[in-house]
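Below is the structure I would like to discuss, written out as structure tokens.
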Amino acid sequence: MSESNLQITVIQLKADKTILRLDEPAWLFLSGTMSDGSEANFMGVKTTYTYSDHDVLANVTQMGVGAYVRAGTKASGSAIVTVNVALPNGTLLTDQVSLQVIAEPERPFIHAYHQTLTMKISVCSNDGTVFSTFEQCLETIKKIDRLTRGIPKIVYLSGWQYGGHDTGYPAWDIVNPKLKRSEDTSALHSLKWLMDEAFVYHTTVSLHVNMLDINPSSPMWDTYVERDLLARNEDGSLKKYLWGYPISFTREWNAGFTQIRMDQLIQMLPLQRAGTIHIDAFHQLIPRNEHETISPYHKISVEEETETQKKIFRYWRDRGIDVTSEFDNKYRVDPLLGLQPMAWHFGKLDPMKVPASLCIGGEGGDPRFGVSMLGQKTIKTDPEQLEGFLDEFCRKTLCWYYLNRLERLSDIEGVVTFSDGVTSFIENDAAVIRQGNVLLRSGHDLFVPALWNENKHKEIIAFSRSGYENRTWILPISWQDIEQVDLYHIALDGPILLERGVDAAHGKLTLSVAKGQAISIVPTGAILA
């Protein structure tokens, strides 16, 4: 048979894995047999891929005649990928491969980040300026707990180590002595005390650390240079960027130094009880050099560095600790879905495809889905009175928490529809949230259930930035049997009773709210902490 008469008679599609998780693709390989029994030659034929379920699979990306496929994030289940090979003679050959997708975290997260106010507190700057000692931190945490009505909270301390923010890195073995309580023998004891005491106030205290940067002032500098663990430019010179000299995740991990540092920190502090840590600047591409790998000289690809990051995530999680970090797609090729539950600088992921329980923003994102608060600047600027904190909490985190409990059903013509008949949209530059005919938010006026207290009692928080008089609100459906309510002013020192036994018959409540005031509304007789 002449070569020109040879045709592909059989094709076969295989995947390198049949169970697909969120953090890695499945590679698809196409092979076949020619009419003379030889291996198929796919030159000159048209090859296309389709897949059966767009919720279960995110996409199929063709690479030559093969392809790779990533899991979707909306639903676990089975999906079929089909390859179609169109031969020059008009014959169409097809084959399929079935994939089982697990669209869930690799392991359950320790904390429910979509239902937790997660913030940072700056305790000391890199020039040694103390903003808050550990003792002062606890006082701030107490105030925040009162203002937020006991919502679950995580606080990461920035500047807790060496001489302040980002000093000493990558060393984590010294707690900043300037932050010590007078009655403790060391700052380490004071930090342990704070981490323990904060739980009383619905707050988990953990650390803000950095695993990328090193500077010549670090006690580990000479060792890391001698072991060649730092990133280098093509010519072999040390790479430098805005905040220091980056470390190669892969070279440090392979040398065993990453694991030693993590183990030492876990032994030093009760991080396993905290169950979370924040890794700042955990980039896959270096800022302002984002077209380069971290260490061009060592020929370590972005994909290799990313795989090492996954090992780091899993090492922390093996020890009962979640990792949160940033997510800026300029410096990330992979959002690490299923491994990283919360991200600062959020907003590059499609909220209709990525459920809040899988990955949520500490700040940033689409306000129609809810946006939480950082709080860091307010706490640093005014730790005594926390001016503006309550305003930000009510306008952001209160709504964010409420919407995150619901299933995201659709986003059509600017209106996001959630389960339980809830809709969220922007109207005349103002955010609006409704549950059926019940208005929960209109711009900076809010009347939103505080659902984290629902096991104790029903509670609604009413807030207004401008204030109003005698406005009538329709109570949510679950409040229709409540006839009287008590009103409390939410304050730094705790709830202050305003009025008992206010009429709420017929599912309506008339309120007057002062400018910037937040009021807690509970069924009459409910005991507030």
Out of Thr167, Asn126, Asp173, which residue meets the side chain to side chain donor-acceptor pair (under 3.5 Å) rule with Tyr162?
Asp173

Using the rule given for side-chain contact (heavy atoms from CB on, under 4.5 Å), can you reason through Met211 versus Ile312, listing the C-alpha separation, both sets of side-chain angles and the distance that settles it, and then say yes or no?
CA-CA 10 Å; Met211 298 190 73; Ile312 294 170; 3.9 Å; yes

In sequence, state the C-alpha distance, the side-chain angles, and the governing distance for Val354 and Leu337, and then conclude on side-chain contact (heavy atoms from CB on, under 4.5 Å).
CA-CA 9 Å; Val354 181; Leu337 291 175; 4.1 Å; yes

Tell me whether the centres of the aromatic rings in His202 and Trp452 are closer together than 6.0 Å.
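Aromatic pair excluded; centres sit 6.0 Å or further apart.
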
Measuring only between side-chain heavy atoms, which start at C-beta, is Met373 closer than 4.5 Å to Leu117?
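Side-chain contact under 4.5 Å: yes.
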
Rounded distance [0.5 Å steps], OG1 in Thr324 versus CD in Gln340:
7.0 Å

Between Glu392 and Lys377, does at least one N-O distance fall below 4.0 Å, as a salt bridge requires?
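Judged by the 4.0 Å cut-off on N to carboxylate O distance, Glu392 and Lys377 do not form a salt bridge.
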
Salt-bridge contact Arg107-Asp318 (side-chain N to carboxylate O under 4.0 Å)
yes

Should the pair Arg149-Asp145 be classified as a salt bridge under the 4.0 Å nitrogen-to-oxygen rule?
no

Under 3.5 Å, is there a donor-acceptor pair linking the side chains of Ser237 and Asp235?
yes

Could you walk me through whether Leu22 and Leu358 pass the side-chain contact (heavy atoms from CB on, under 4.5 Å) test, one step at a time?
CA-CA 10 Å; Leu22 293 169; Leu358 180 61; 3.5 Å; yes

Considering the options Ile279, Ile286, Asp280, which one meets the side chain to side chain contact (heavy atoms under 4.5 Å, CB included) requirement together with Leu212?
Ile286

Testing the basics here: between Ile433 and Ser424, what is the closest heavy-atom pair and its distance to 0.1 Å?
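Of all heavy-atom pairs spanning Ile433 and Ser424, the closest is CG1-OG, 4.0 Å.
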
Pairs of donor and acceptor atoms involving the side chains of residues 258-267, under 3.5 Å and at least two apart or interchain, shall be tabulated with distances.
| unit_1 | atom_1 | unit_2 | atom_2 | d |
| --- | --- | --- | --- | --- |
| Thr258 | OG1 | Glu252 | OE1 | 3.2 |
| Thr258 | OG1 | Trp253 | N | 3.2 |
| Gln259 | NE2 | Trp253 | O | 3.4 |
| Arg261 | NE | Tyr224 | OH | 3.4 |
| Arg261 | NE | Glu252 | OE2 | 3.0 |
| Arg261 | NH1 | Pro170 | O | 2.7 |
| Arg261 | NH2 | Glu252 | OE1 | 3.4 |
| Arg261 | NH2 | Glu252 | OE2 | 2.9 |
| Asp263 | OD1 | Tyr315 | OH | 3.1 |
| Asp263 | OD1 | Arg319 | NE | 3.4 |
| Asp263 | OD2 | Tyr315 | OH | 2.8 |

Answer with yes or no after comparing the ring centroid distance for His111 and Tyr113 against a 6.0 Å cut-off, counting only values under it.
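Centroid distance His111-Tyr113: below 6.0 Å, so yes.
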
Look only at the side chain of Asp95 and the backbone of Leu13, and say whether a donor-acceptor pair between them is shorter than 3.5 Å.
yes

Tyr401 backbone acceptor or donor facing Gln115 side chain under 3.5 Å
yes

Find the distance between OG1 (Thr47) and CG (Leu30) and round it off to the nearest 0.5 Å.
6.0 Å

Quick one: does Arg21's side chain have a donor or acceptor within less than 3.5 Å of a partner on Gly338's backbone?
no

Verify the distance criterion only: is there a donor paired with an acceptor across the side chains of Ser122 and Ser158 at less than 3.5 Å?
no

Could you walk me through whether Tyr49 and Thr82 satisfy the side-chain contact (heavy atoms from CB on, under 4.5 Å) test, starting with their C-alpha distance in whole Å, then the side-chain angles of each, then the deciding distance to 0.1 Å, before giving a yes or no?
CA-CA 6 Å; Tyr49 287 85; Thr82 301; over 6 Å; no

Starting at CG of Leu194, measure out to NZ of Lys192 and round the result to the nearest 0.5 Å.
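Result: 13.5 Å between the selected atoms.
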
Ring centres under 6.0 Å, that's the criterion: do Phe282 and Phe313 meet it?
yes

Does the Glu326 side chain pair with the main chain of His283, one donor and one acceptor, at a distance under 3.5 Å?
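Checking the backbone N and O of His283 against the side chain of Glu326, no donor-acceptor pair under 3.5 Å is found.
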
Please determine, by modelled atom types, if Asp228 and His298 share a side-chain donor-acceptor pair under 3.5 angstrom.
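Judged by distance alone, the side chains do pair up.
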
Quick check: are there more than 12 heavy atoms from other residues, nucleotides or ligands sitting under 6.0 Å from NZ of Lys17?
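Atom NZ in Lys17 is crowded, with more than 12 foreign heavy atoms closer than 6.0 Å.
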
Between Thr250 and Glu305, a side-chain donor and acceptor under 3.5 Å:
yes

Other residues, nucleotides, ligands: >12 heavy atoms within 6.0 Å of Ile19 CD1
no

Can you tell me if Tyr297 has over 12 outside heavy atoms packed within less than 6.0 Å of its OH?
no

Pi-cation contact, Trp27 with Lys14 (under 6.0 Å, within 45°)
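The answer is no, since Lys14 fails at least one limit relative to Trp27.
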
Mind running salt bridge (charged side-chain N to carboxylate O under 4.0 Å, His left out) on Glu234 and Lys299 for me, showing each step along the way?
CA-CA 9 Å; Glu234 284 281 5; Lys299 309 299 182 187; 3.4 Å; yes

Mind checking whether Tyr156 and His208 have ring centres under 6.0 Å apart?
no

Mind checking side-chain contact (heavy atoms from CB on, under 4.5 Å) for Trp243 and listing every partner two or more places apart, or none if nothing turns up?
Asp213, Tyr241, Pro287

What verdict does the ring-ring contact (aromatic ring centres under 6.0 Å, His included) test give for His114 and Trp400, after you've listed the backbone C-alpha separation in whole Å, the side-chain angles of each residue and the deciding distance to 0.1 Å?
CA-CA 8 Å; His114 67 304; Trp400 173 88; 7.9 Å; no

Answer yes when Arg314 and Glu106 have at least one side-chain N-carboxylate O distance shorter than 4.0 Å, and no when they do not.
yes

